[in-house]
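All values below come from the heavy atoms of this structure, side chains included, with hydrogens, waters and symmetry mates left out.
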Amino acid sequence: MQATNAATAKEVVQQKWGKRPLIIAGPCSAETEEQVMQTAVELQKTGKVDIMRAGIWKPRTRPGSFEGIGTKGLPWLQQAKKLTGIPVAIEVATAKQVEDALHFDVDVLWIGARTTVNPFSVQEVADALRGVDVPVLIKNPINPDLELWTGAVERVAKAGIKQIGLIHRGFSSYGNTEYRNAPMWHLAIEMKRRNPELMIINDPSHICGRRDILQDVAQKAIDLDFDGLIVESHVDPDNAWSDAKQQVTPARLGEMLDAIIWRREDVASEEFHAALEKLRQQINQLDDELMQILGQRMKVAEKIGQYKKDNNITILQTNRWNEILERAFARGDKQGLSKEFITKYFDAVHMESINHQNRIMNQ
């Protein structure tokens, strides 16, 4: 298949945009014409890639690193698209980059995490997109802030862009060791809940930072009903000029996609829905009981707050808090609850108790 003109390429993108799962793949960076063309051909051979991605301009944390080949790489992507018929996508962060990308018929643009975090930069890109008909994907900001992510979506939408999608690439997190960027799945799920009309795809490459756990993260994203994946793939990943550890060969990408269990959101079975509804009613009942118990707990916390106020005692007592946590860890383990969950849950309960006691103290 060959995309012989811009109109044909646009039609291909229109078809792919609504496809599930949508698979975007390609090198972290376009390095040489040969590398781009070879990667494109190998990705085409998998028969699984809908859009080819490549970094042209690379925002690096520190100067001196490879910051992308620049505009001279755009004709390479043009040629790769003509050869394979696969539409191409790149990241843009400035108005000039938008202009250059559109000049060379780039089919899909995305706004990166370092840009999403800055409303001024997002607005510059949005202004450059005004009056343009091109799909735009928006990565979550580096820091875990859904308002910044939402703001970026709103700015691009106000510029008149109709086809907007989200990319979940994880968040910077203090103390995170397993991932390059902590997935914080709950934030992606909440963003999807707020914007059910927007496609959301997962970027396991930037979440993992290493190829050995890509499969697990990609599977979890699909299990959570993400609409697709964007994966970094390079013909010679060990010698890539950027992010070598997180890239896989096109052949390995094909194997990974074959190994994923692609689940359905729903099934047309009355028996299934009836059984599911019974279990959901049980969940609702337990949630109601849990709310009642938490309400009772806060009432006891308020009584404790009154005693502390009457006796001029501080709200926070560290030894007691440590005692509560240790007791919870021991009991939670017997119930199959992770230490991470117990910590987050009791942190939230503790803060709510402190707020209730604080109101009593300052009445």
Side-chain angles (χ1 to χ4, degrees), residues 13 17-22 24 51 53 55 57 59 61 89-95 97-98 101 107-174 176 179-207 217-218 220-230 265 344 347-348 351:
V13 172
W17 193 258
K19 174 182 174 290
R20 285 190 55 153
L22 180 72
I24 302 175
I51 298 171
R53 57 140 292 153
W57 302 281
T61 302
I90 67 168
E91 176 180 347
V92 291
T94 68
Q97 290 174 4
V98 172
D107 303 292
V108 177
L109 306 179
W110 82 78
I111 298 175
R114 288 178 172 85
T115 304
T116 307
V117 81
N118 187 336
F120 292 113
S121 297
V122 174
Q123 190 60 57
E124 179 183 342
V125 171
D127 290 341
L129 289 168
R130 200 171 298 278
V132 175
D133 182 16
V134 62
V136 177
L137 294 163
I138 302 172
K139 285 195 173 187
N140 64 257
I142 293 175
N143 50 311
D145 186 339
L146 289 189
E147 297 310 312
L148 278 174
W149 202 0
T150 300
V153 171
E154 291 173 347
R155 290 175 190 276
V156 172
K158 285 183 178 179
I161 299 299
K162 303 299 183 186
Q163 292 178 300
I164 300 175
L166 305 171
I167 300 177
H168 168 232
R169 49 83 76 192
F171 303 85
S172 292
S173 173
Y174 177 75
N176 167 52
Y179 302 101
R180 178 179 178 183
N181 294 288
M184 298 189 188
W185 297 103
H186 63 289
L187 294 181
I189 292 169
E190 173 60 16
M191 192 65 178
K192 183 175 181 177
R193 187 192 69 78
R194 293 185 186 184
N195 303 277
E197 76 286 0
L198 298 184
M199 172 177 64
I200 181 167
I201 62 176
N202 179 259
D203 179 352
S205 302
H206 280 89
I207 288 175
V217 170
K220 182 161 186 176
I222 297 307
D223 290 347
L224 290 172
D225 199 33
F226 278 65
D227 297 300
L229 302 168
I230 177 169
E265 184 179 4
K344 289 180 179 177
D347 276 344
M351 286 307 303

Report summary line: Note: F171 and N143 closest approach over all heavy atoms is CD2-O, 3.5 Å
**Report entry** Identified salt bridge (charged side-chain N to carboxylate O under 4.0 Å, His left out) partner of D203 from the options R169, K139, R180, R53
**Finding:** K139
**Report entry** Side chain to side chain, N202 and W185, heavy atoms closer than 4.5 Å
**Finding:** yes
**Report entry** Main-chain N/O of I200 paired to D227 side chain as donor or acceptor, under 3.5 Å
**Finding:** yes
**Report entry** side chain to side chain donor-acceptor pair (under 3.5 Å) partners for N140, two or more places apart
**Finding:** none
**Report entry** Residues that K19 engages under side chain to side chain donor-acceptor pair (under 3.5 Å), provided they are two or more places apart
**Finding:** D50
Requested in this report: Give the minimum heavy-atom separation between L198 and I164, together with the two atoms involved.
Outcome: CD2-O, 3.4 Å
Report summary line: Nearest heavy-atom approach of S172 to M184 is O-CE, 4.1 Å
**Report entry** Min side-chain heavy-atom separation W57-I90 under 4.5 Å
**Finding:** yes
Query raised in the report: So D347 and K344, salt bridge (Lys or Arg N to Asp or Glu O under 4.0 Å) or not? Walk me through it.
Result: CA-CA 5 Å; D347 276 344; K344 289 180 179 177; over 6 Å; no
Query raised in the report: What pairs with D223 under salt bridge (Lys or Arg N to Asp or Glu O under 4.0 Å), at least two apart in sequence or on another chain?
Result: R263
Query - Close side-chain approach of V92 and V136, heavy atoms under 4.5 Å - result: no
**Report entry** Under the ring pair (Phe, Tyr, Trp, His ring centres under 6.0 Å) test, residues paired with H206 that sit two or more places apart
**Finding:** none
Report task. Would you give the length of the straight line joining atom CG of N195 to atom CD of E190, rounded to the nearest 0.5 angstrom? Result -> 9.5 Å
Report summary line: Sorted by chain and number, sequence neighbours left out, side chain to side chain donor-acceptor pair (under 3.5 Å) with E147 holds for R194
**Report entry** Closest approach of I207 to G170 (non-hydrogen atoms, all atoms of both residues)
**Finding:** CG1-N, 3.6 Å
Query - Heavy-atom closest contact (F226 atom, A188 atom, distance) - result: CZ-CB, 3.9 Å
Requested in this report: State whether the side chain of N118 and the backbone N or O of F120 hold a donor-acceptor pair below 3.5 Å, judged by distance alone.
Outcome: yes
Query raised in the report: So, does E91 use its side chain to make a donor-acceptor pair with the main chain of G55 at under 3.5 Å?
Result: no
Requested in this report: From the options V134, V125, L137, select the one residue that forms a side chain to side chain contact (heavy atoms under 4.5 Å, CB included) with L109.
Outcome: V134
Report all side-chain donor-acceptor pairs from residues 149-161 shorter than 3.5 Å, counting only partners two or more places apart or in another chain.
residue, atom, partner, partner atom, Å
W149, NE1, I138, O, 3.1
T150, OG1, L146, O, 2.8
R155, NH1, Q123, OE1, 2.7

Query raised in the report: Within a strict 4.5 Å, meaning less than it, do heavy atoms of the D133 and K162 side chains meet?
Result: no
Query raised in the report: Nearest 0.5 Å, what's the CG-CD1 distance between L129 and I111?
Result: 6.5 Å
Requested in this report: Count the heavy atoms belonging to other residues, nucleotides or ligands that lie under 6.0 Å from NZ of K192, then report whether that count exceeds 12.
Outcome: yes
Report task. First locate atom CG of L229, then atom CD1 of I167, and finally report the distance between them rounded to the nearest 0.5 Å. Result -> 11.0 Å
